[in-house]
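Report on the following structure.
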Amino acid sequence: MKREFFFVLKTLKYFILTVIITLLLIITVYNYKRYKVKCKLQKIAINNSILIMGDSEMQRLPPSSFEKKTYNFASKAEHYFFTYSKLKYILSFKKNKIKKIILGVSIHNFGHMYEKSFDIKRIEGKFGLRRFMMYFNLFDNDFINSIQLVKNFSYFIDGLLRDPDMGGYYESLNKNPDNSIMDLTSKVHFTNKNKIANTFFQEKYFKKIIQICKENNANLTIVSMPVHSNYKKKINPFYFNYLENLTKPNKHYKYLNFLDENTNVYHLSDANHLNKVGAIKYATLINNAVNNIIKK
């Protein structure tokens with residue numbers, strides 16, 4: 001009996017020691033990865049004057065089309081919470097030279113897809129943790145609490161082993177997309193035609209982006225990128241009205257609306273993304289607007 005007791009005690013001792021070593025290793029790797037991210041973001045902050053931010057629509061804009069030094073920091077399916085977290089991090093550097101933020105905003109940003117991406121119970125939210133966890137405080141945020149972090153520990157470890165999502169410029173070559181793509185894309189963005197998506201957190205962080213730009217004297221240009229006319233026909237009018245109310249004239253930002261244009265289909269790669277030719281055209285238009293603001 002005594003021998004069994006000491007065996008259990010010894011086993012427990014090794015178990016506790018293993019747990020402590022594992023936790024120390026995880027903390028060390030996490031802090032190292034955070035340090036690497038800090039170095040990358042600091043380099044972006046001090047070497048650029050314009051940031052392109054938002055989701056995959058904004059990823060199509062080539063930085064080379066802008067006169068000022070520009071970095072495309074947009075990333076596919078990026079909720080505004082993650083956009084805000086990245087922007088807050090970059091603007092926190094004292095020597096940052098960021099003068100201008102170009103932020104994408106459109107109807108799909110307030111659809112069901114983005115509601116899911118902020119829900120840690122859904123796979124979209126879990127992937128968000130894995131992709132963007134290095135940009136925000138894991139223990140003080142609206143996205144995930146400590147209990148949820150433990151429940152999603154495998155996604156945390158997966159994110160720890162991967163490089164953080166840096167997004168960036170993405171070139172599309174397709175043109176004149178088939179109408180079947182409009183159906184598919186609209187169903188991905190708006191999964192429930194009978195229910196309006198919950199936009200609370202998306203709108204909250206959209207407004208926080210406006211506020212942090214104001215606080216840091218960074219000129220903000222909000223851009224609604226062009227989309228296919230057949231895609232627009234499949235969207236509930238509520239979202240167009242919602243976007244119109246959200247982007248009403250405001251002294252804290254300039255709004256460029258290309259959503260209302262009847263865009264040349266040969267400038268589009270799919271329902272809501274520009275191809276290389278279209279991206280250069282609209283990046284030039286945005287560049288002109290940005291420079292008008294900066295030169296004031």
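Computed from heavy atoms alone, side chains included, the values below leave out hydrogens, waters and symmetry copies.
A heavy-atom distance below 4.5 Å is found between the side chains of Y155 and F127. L149 is listed as a side-chain neighbour of F156, based on a closest heavy-atom distance under 4.5 Å. Contact annotation: the side chain of L103 approaches that of I209 to within less than 4.5 Å [non-hydrogen atoms, C-beta and beyond]. Proximity of M225 to L259: side-chain heavy atoms (C-beta onward) are nowhere separated by under 4.5 Å. Here the side chains of I26 and F153 are in contact, with some heavy-atom distance below 4.5 Å. In this structure, L91 and I98 have side chains that are in contact, with non-hydrogen atoms separated by less than 4.5 Å. Side-chain contact between I102 and V223 is present, with heavy atoms from C-beta onward closer than 4.5 Å. A 4.5 Å side-chain heavy-atom check between D163 and M166 finds every atom pair outside the cut-off.
Of the possible donor and acceptor atoms, none in the side chain of T83 sits under 3.5 Å from a partner among the backbone N and O of F81. N291 contributes no side-chain N or O that, together with a main-chain N or O of N288, makes up a donor-acceptor pair within less than 3.5 Å. In this structure a side-chain-to-backbone donor-acceptor pair under 3.5 Å is missing from T199 to E203. Formation of a donor-acceptor pair under 3.5 Å by the N216 side chain with backbone atoms of A218 is not found in this model. The backbone N or O of F139 lies less than 3.5 Å from no partner atom in the side chain of N145, so there is not a single donor-acceptor pair. Between the E115 side chain and the A197 main chain, no donor and acceptor come within less than 3.5 Å of each other. Of the possible donor and acceptor atoms, one in the side chain of N287 sits under 3.5 Å from a partner among the backbone N and O of E67. Side-chain atoms of N275 come within 3.5 Å of backbone atoms of Y266 as a donor-acceptor pair (strictly under, hydrogens ignored). The main-chain N or O of Q42 is never found under 3.5 Å from a side-chain atom of N96 such that the two would form a donor-acceptor pair. With hydrogens and angles ignored, the 3.5 Å screen pairs no side-chain donor or acceptor of E78 with any backbone N or O of D55.
Looking at every heavy atom in both residues, K33 comes nearest to G159 through NZ-O, 4.3 Å. Of all heavy-atom pairs between S186 and K234, the closest is OG-CD, 3.8 Å. Between N141 and L138, the closest heavy-atom pair is ND2-O, 3.2 Å. Of all heavy-atom pairs between K97 and I46, the closest is CD-O, 3.2 Å. Contact between H189 and Y231 at its shortest, heavy atoms only, is ND1-OH, 2.7 Å. In terms of heavy atoms, K254 sits closest to A289 at CE-CB, 4.0 Å.
Within the model, atoms CG of L243 and CZ of F238 stand 11.0 Å from one another, a figure rounded to the nearest 0.5 Å. Between the CG atom in N230 and the OG atom in S180 there is a gap of 11.0 Å [rounded to 0.5 Å]. Rounded to the nearest 0.5 Å, atoms CD (Q202) and NZ (K207) are 12.5 Å apart. From T191, atom OG1 reaches atom CG of N194 across 11.0 Å, with rounding to the nearest 0.5 Å. Here the CG-NZ distance, from N219 to K100, works out to 5.0 Å after rounding to the nearest 0.5 Å. For the atom pair OH (Y239) and CG (N109), the distance works out to 12.0 Å, reported to the nearest 0.5 Å.
Listed by first and then second residue, the side-chain hydrogen bond (donor to acceptor under 3.5 Å, both in side chains) pairs that reach into residues 18-30 come to none, sequence neighbours excluded.
Using bins of under 30°, 30° to 60° and over 60° for the plane-to-plane angle, the ring pair F206/F110 lands in the perpendicular bin. The aromatic rings of Y282 and F258 sit perpendicular, their planes meeting at an angle over 60°, well past the 30° parallel limit. Ring-plane geometry between Y205 and H79 is classed as perpendicular, the angle between the planes exceeding 60 degrees on a 0 to 90 degree scale with a lower cut at 30.
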Criterion side chain to side chain donor-acceptor pair (under 3.5 Å) on N245 and N241, from CA distance to verdict:
CA-CA 6 Å; N245 289 327; N241 295 329; over 6 Å; no
Under the ring-ring contact (aromatic ring centres under 6.0 Å, His included) rule, what do F143 and F132 come out as? Steps first, then yes or no, please.
CA-CA 11 Å; F143 176 55; F132 302 112; 9.1 Å; no
For S224 and Y255: C-alpha separation, side-chain torsions, deciding distance, then whether side chain to side chain donor-acceptor pair (under 3.5 Å) applies.
CA-CA 8 Å; S224 290; Y255 180 44; 2.7 Å; yes
Would you sort out whether N152 and K126 count as a side chain to side chain donor-acceptor pair (under 3.5 Å), showing the intermediate values?
CA-CA 7 Å; N152 291 277; K126 297 177 191 297; 2.6 Å; yes
Could you walk me through whether E124 and Y114 satisfy the side chain to side chain donor-acceptor pair (under 3.5 Å) test, starting with their C-alpha distance in whole Å, then the side-chain angles of each, then the deciding distance to 0.1 Å, before giving a yes or no?
CA-CA 9 Å; E124 293 88 349; Y114 283 87; over 6 Å; no
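Linking ILVMFWY side-chain heavy atoms closer than 4.5 Å, directly or via other members, places Y89 and F136 in a single hydrophobic cluster. At a threshold of 4.5 Å between side-chain heavy atoms, the hydrophobic network of Ile, Leu, Val, Met, Phe, Trp and Tyr places I27 and L129 in two separate groups. Hydrophobic clustering of Ile, Leu, Val, Met, Phe, Trp and Tyr side chains at less than 4.5 Å, counting indirect connections, unites I123 with F118. There is no path of hydrophobic side-chain contacts, each under 4.5 Å, that joins M58 to I280.
S75 and R131 form a side-chain donor-acceptor contact under 3.5 Å, judged by distance and modelled atom types alone. A donor-acceptor contact closer than 3.5 angstrom links the side chains of E57 and N272. A donor-acceptor pair shorter than 3.5 Å cannot be found between the side chains of S64 and Y169. Counted by atom type alone, Y135 and D165 present zero donor-acceptor pairs between their side chains at under 3.5 Å.
In the displayed structure, Q148 atom CD is contacted under 6.0 Å by more than 12 heavy atoms of other residues, nucleotides or ligands. Within a 6.0 Å radius of OH in Y170, other residues, nucleotides and ligands contribute 12 heavy atoms or fewer. Residue-environment remark: CG (L25) exceeds the threshold of 12 foreign heavy atoms within 6.0 Å.
Through side-chain heavy atoms spaced under 4.5 Å, either directly or across other Ile, Leu, Val, Met, Phe, Trp or Tyr residues, I21 is tied to L17.
Listed by chain and residue number, N174, I181, M182, H228, L268 satisfy the side-chain contact (heavy atoms from CB on, under 4.5 Å) test with P177 (two or more places apart in sequence, or in another chain). Partners of R34 by salt bridge (charged side-chain N to carboxylate O under 4.0 Å, His left out), not counting sequence neighbours: none found. With sequence neighbours excluded, no residue forms a salt bridge (charged side-chain N to carboxylate O under 4.0 Å, His left out) with D178. Under the rule for a side-chain contact (heavy atoms from CB on, under 4.5 Å), the partners of Y32 that lie at least two apart in sequence or sit in another chain are K36.
Between K204 and D142 there is a salt bridge, since a side-chain N of the basic residue sits under 4.0 Å from a carboxylate O of the acidic one. We find that R162 and D158 are joined by a salt bridge, their nearest charged nitrogen and carboxylate oxygen being less than 4.0 Å apart.
In this structure, K86 satisfies the cation-pi test against F73, with its NZ or CZ atom closer than 6.0 Å to the six-membered ring centre and inside 45 degrees of the ring normal.
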